[in-house]
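As structure tokens, the structure follows; a few thoughts come after it.
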Amino acid sequence: MGPVEQLHRVVRESAAALVSTDREGLAAQIKLERPPRADLGDYSTNAALLLAPRLQSAPREVAEQLGGVLADRLGNALARADVAGPGFLNLFLSDAWLIDGLRTVLEAGSRYGAVTAEHEIAVNVEFVSANPTGPVHLGHARGAAYGDALARLLAWRGCSVTREFYVNDYGSQVRKLAESVRALALGEPIPEDGYHGDYVGELVPVERARTLDLDELSREALAACLELIRGSLERFGVRFDVWFSERSLHENGAVASALARLDQLGETYNQDGALWLRSTKHGDDRDRVLIRSDGQPTYFCSDIAYLEDKRSRGYATLFYVWGADHHGYEPRMKAALEALGGQRDEIELIDFQFVHLIGGGERIAMSKREGEYVTLDELTTAIGVDAARWFLLARSHDTTVEIDPELATRKSADNPVYYVQYAHARIASVLARLTEDRVAQARSELAPGEPLHPSERALLKRLLAFPEDLAEAAERRAPHRVAAAALELAQEFTAFYRDCHVVGAEPPTTETLRIALCLAARQAIAIALELLGVSAPEQM
RNA sequence: GCCCCCGUAGCUCAGCUGGAUAGAGCAUCGGACUUCUAAUCCGAGGGUCCCAGGUUCAAAUCCUGGCGGGGGCACCA
């Protein structure tokens, strides 16, 4: 448990001790926050505002009383407690408390903010799942960045994560790809509903494309296309643990057995020559077709078999990261899950909004339908992996994001990703001026000395807040909060760097403290960047 | 017509499981180079938090109803 968490607990316990009923309900609502301005205190709590109605006394009086209790319990750690505003209690922590906190940051080292679980919770994150008939484009890029960052974050917070890519290798589109490849090889016109990109001609050598039978050609074209996809994603820093074939579900009987299961549970019926799922029973707008009247299973049908397969693998949660255009699919997936006897919260469907590239004030259209799309490779070539990942992740997934390639490629502090990386490199540079012994000594001999400078306090408090930032980011499935934390760490470090000279600071206890702050800040920034999949350079 | 997301500074967006004087980046304007990395830093201006009601000691945040933008509503994949 970190120092802030411990402080929070003491506040909750002290407040709960003042009432006789529903102590837990009260404790759950009590917050420990940062006051709007640093001069108001290091932390503030709303406890008195919540206690007042129960104690039938004025909030400010209750705050006063609570301040007294905390002074007793916290001893030297608490320098002062002020009552403010409508009844907030503002806490000023002693330098000794903060330096103890810094020590815990250094002790945690490269695992600072991580949860080391005794029993890791297994979760599955399925993302990208682009059709294996063409390159990964900008729309997939956001899903790739988000899904991967979510996976990293969940892993950091104690989950064992499987990254999974669902390969739609069963339907007619794979055949269309093969037909397009063949047509191109024979110099014939590509079918109108075929695939027209330049990559089509490069999937299979012309000789083979002319002579293989269509099934074999399908297989080869598909494999080649998947290889393109895998390579693009890998260059983007995204690796999958499982590439799951839709075709395999049909070939190994999984589809048939899922259908049998639903039938046995009375969840299906025949009508108009088709087989339907009673999804309206489970909150969907309408029932959905599983087997079309022509005998072909729908895509939804394979999705259900796939869901069953995932469920059989024992994950606590199945995440589906989808583009906003798949949003309409959610009710039927939940319905299918329930029809199979599952609980609705076994799956979590997360959809992300679109990405626009802007240039010269104009939006560059990015839809596949218009036939004119930017590929992931083009994006990473144009602005680099670090900038691409940063800008795709710095915004909440449920808002559209605009990327300005001009800003993203700027190598200056105007560009947030460079600003954060620069802060990291700058710390490395400062530390490089010291001997290894001196740095090691700073770790072991950290102790209170001169009163802390306001910029030292600010940086230290920011560092202490980091684990909770990560916890919230993970709970809310919100990697953009990690980016926000990284930026704030960089800003606080920069202010500290400006105000507090490190190397040669006097007295030596001050230099020690500042070295320790550099170490901790470098660590936290590196962790934040790692969680985003952005590099943390030692030199720039 | 129904469902989902969004509406906050000139622009792009945080904040929205309710708290104090609403934040960041970009852009604009002004300033700092005998440096621990100036690939930097400091400062300033800039707001009906879409509108109207409601709940609350307290609403950008929650509820209701509008308005505006985007997306989705197949026996397609």
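Keep in mind that this is a model prediction, so the values were computed, not measured. Below, all heavy atoms of this structure are taken into account, side chains as well, without hydrogens, waters or symmetry copies. Letters A, B, ... are given to chains in the order of the sequence lines, protein chains preceding strands, and every chain is numbered from 1.
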- Message: Under a 3.5 Å cut-off for both contacts, is B:rG1 paired Watson-Crick or G-U wobble with anything, and if yes, with which nucleotide?
- Response: B:rC73
- Nearest-Å distance for atom pair CD1/C1', residues A:Ile427 and B:rA39: 16 Å
- Task: Could you list the residues that satisfy side-chain hydrogen bond (donor to acceptor under 3.5 Å, both in side chains) with A:Arg395, not counting sequence neighbours?
- Result: none
- Between A:Asp414 and A:Tyr419, does any side-chain donor sit less than 3.5 Å from a side-chain acceptor? no
- Task: Would you kindly give the CG-to-P distance between A:Leu393 and B:rU12, to the nearest whole Å?
- Result: 20 Å
- Base, sugar-phosphate, or nothing: which does A:Thr399 touch, judged by heavy atoms less than 4.0 Å apart? sugar-phosphate
- Output the single nucleotide from B:rU17, B:rG19, B:rA20 whose closest atom is nearest the side chain of A:Phe88. B:rG19
- Query: Are A:Arg457 and A:His453 linked by a side-chain donor-acceptor pair shorter than 3.5 Å?
  - Reply: no
- Distance below 4.0 Å between A:Lys31 side-chain N/O and B:rG18 OP1 or OP2: yes
- Could you check whether A:Ala484 gets within reach of a base, just the sugar-phosphate, or nothing at all, counting any heavy atom under 4.0 Å? nothing
- Item | Between A:Ser129 and A:Glu126, a side-chain donor and acceptor under 3.5 Å | yes
- Task: Please state the P separation for the pair B:rG31 and B:rG68 - nearest whole angstrom.
- Result: 47 Å
- Message: From C-beta outward on A:Arg476, which listed nucleotide comes closest to its side chain: B:rA20, B:rC75, B:rU17?
- Response: B:rU17
- Taken to the nearest whole Å, CD/A:Glu472 to P/B:rA14 is 16 Å
- Distance, rounded to the nearest Å, where A:Asp398 contributes CG and B:rA14 contributes P: 8 Å
- Query: Is A:Pro36 touching bases, backbone alone, or none of the nucleic acid, heavy atoms closer than 4.0 Å?
  - Reply: base
- Item | B:rC75 phosphate, OP1 or OP2, under 4.0 Å from A:Arg286 side-chain N/O | yes
- Message: Taking 4.0 Å as the cut-off, does a side-chain nitrogen or oxygen of A:Gln296 come that near to OP1 or OP2 on B:rC76?
- Response: no
- Item | Pi-cation contact, A:Phe391 with A:Arg389 (under 6.0 Å, within 45°) | no
- Task: May I ask you to establish whether A:Arg80 and A:Phe92 are in a cation-pi arrangement, using a distance under 6.0 Å from NZ or CZ to the six-membered ring centre and at most 45° from the ring axis?
- Result: yes
- Of the nucleotides B:rA27, B:rC75, B:rA20, which one has an atom closest to the side chain of A:Val289? B:rC75
- What is the base-pairing partner of B:rC29, counting Watson-Crick and G-U wobble geometry with both distances under 3.5 Å? B:rG43
- Contact residues, residues 298-305 of chain A to RNA chain B [heavy atom, < 4.0 Å]: A:Tyr299
- Side chains of A:Asp287 and A:Tyr269: do they bring a donor and an acceptor to under 3.5 Å? yes
- Taking B:rC26, B:rG19, B:rA20 as options, the one with an atom nearest any side-chain atom of A:Pro35 is B:rA20
- Item | Touch class at under 4.0 angstrom, heavy-atom based, for A:Thr494 against every strand present | sugar-phosphate
- Quote, to the nearest angstrom, the P distance that separates B:rA24 from B:rC42. 12 Å
- Message: Determine whether a donor-acceptor pair (N or O, by modelled atom type, separation under 3.5 Å) exists between the side chain of A:His424 and the backbone of A:Pro537.
- Response: yes
- Query: Of the nucleotides B:rA24, B:rA14, B:rA77, which one has an atom closest to the side chain of A:Ser396?
  - Reply: B:rA14
- Message: Is A:Arg395 close enough to B:rA14 that one of its side-chain N or O atoms is under 4.0 Å from OP1 or OP2 there?
- Response: no
- Task: Report the nucleotide, chosen from B:rA14, B:rG19, B:rA27, that has the shortest atom-to-atom distance to any side-chain atom of A:Arg410.
- Result: B:rA27
- Under a 3.5 Å limit for both distances, which nucleotide forms a Watson-Crick or G-U wobble pair with B:rA20, could you say? none
- Partner of B:rU64 by Watson-Crick or G-U wobble geometry, both contacts under 3.5 Å, or none? B:rA52
- Atom CH2 of A:Trp322 and atom P of B:rA77 are separated, to the nearest Å, by 15 Å
- Message: Applying a 4.0 Å non-hydrogen cut-off, can you work out what A:Asp414 is touching in the nucleic acid: base, sugar-phosphate, or nothing?
- Response: sugar-phosphate
- Query: Between B:rA9 and B:rA52, how far is it from one C1' atom to the other, in whole Å?
  - Reply: 24 Å
- Task: Could you work out the separation of B:rG1 and B:rA59 based on their C1' atoms and round it to a whole Å?
- Result: 32 Å
- Item | Side-chain (A:Lys334) to main-chain (A:Ile347) donor-acceptor, under 3.5 angstrom | yes
- Query: What is the distance from CD of A:Gln353 to C1' of B:rU12, rounded to the nearest Å?
  - Reply: 16 Å
- Task: Using the P atom on both, measure B:rG72 against B:rC57 and round to a whole Å.
- Result: 44 Å
- Look at the side chain of A:Tyr329 and the base of B:rA77, then say whether one donor and one acceptor between them are separated by less than 3.5 Å. yes
- A:Asp39 CG to B:rU21 P: how many Å, rounded? 14 Å
- Query: Any idea which of B:rA20, B:rG15, B:rG71 is nearest the A:His480 side chain?
  - Reply: B:rG15
- Item | Partner nucleotide of B:rA58 by Watson-Crick or wobble geometry (both distances under 3.5 Å) | none
- Item | Nucleotide forming a Watson-Crick or wobble pair with B:rA9, both distances under 3.5 Å | none
- Does NZ or CZ of A:Arg142 come closer than 6.0 Å to the centre of the six-membered ring of A:Phe354, within 45° of the ring's axis? no
- Message: For the residue pair A:Glu164 / A:Tyr306, report whether a side-chain donor-acceptor contact shorter than 3.5 Å exists.
- Response: yes
- Message: So, OP1 or OP2 of B:rG15: does either fall under 4.0 Å of a side-chain N or O from A:Arg481?
- Response: yes
- From CG of A:Asp284 across to C1' of B:rC4 the rounded distance in Å is 14 Å
- Of the listed B:rC13, B:rG15, B:rC76, the closest approach to the A:Arg292 side chain comes from B:rC76
- Item | Side-chain H-bond candidate by donor/acceptor type, A:Ser535 with A:Gln421, under 3.5 Å | yes
- Message: Please report the distance separating the P of B:rU28 from the corresponding atom of B:rG69, rounded so that it comes out in whole Å.
- Response: 31 Å
- Hey, does A:Asp272 reach any base, or is it just sugar-phosphate, or nothing, if we go heavy atoms under 4.0 Å? base
- Message: Under 4.0 Å from OP1 or OP2 of B:rC41: is there any side-chain N or O of A:Tyr419 that close?
- Response: yes
- Message: Just to be sure I understand the rule, does A:Glu538 reach a base, reach only the sugar-phosphate, or reach nothing, if contact means heavy atoms closer than 4.0 Å?
- Response: base
- Could you tell me whether the phosphate oxygens of B:rC4, OP1 or OP2, come under 4.0 Å of any side-chain nitrogen or oxygen in A:His326? no
- Which of B:rA24, B:rA14, B:rA74 is nearest the side chain of A:Arg288? It is B:rA74
- Expressed as a whole number of Å, how far does the P atom of B:rC13 sit from that of B:rG7? 10 Å
- Message: Over all strands shown, is A:Asn90 touching base, sugar-phosphate only, or nothing at heavy-atom distances under 4.0 angstrom?
- Response: base
- Query: Which of these nucleotides, B:rG25, B:rG19, B:rA20, is closest to any side-chain atom of A:Gln491?
  - Reply: B:rG25
- Item | Toward the 5' end of RNA chain B, by each residue's nearest nucleotide, A:Gln539 or A:Pro416 | A:Pro416
- Task: Look at all strands and tell whether A:Leu49 reaches a base, only sugar-phosphate, or nothing, counting heavy atoms closer than 4.0 Å.
- Result: base
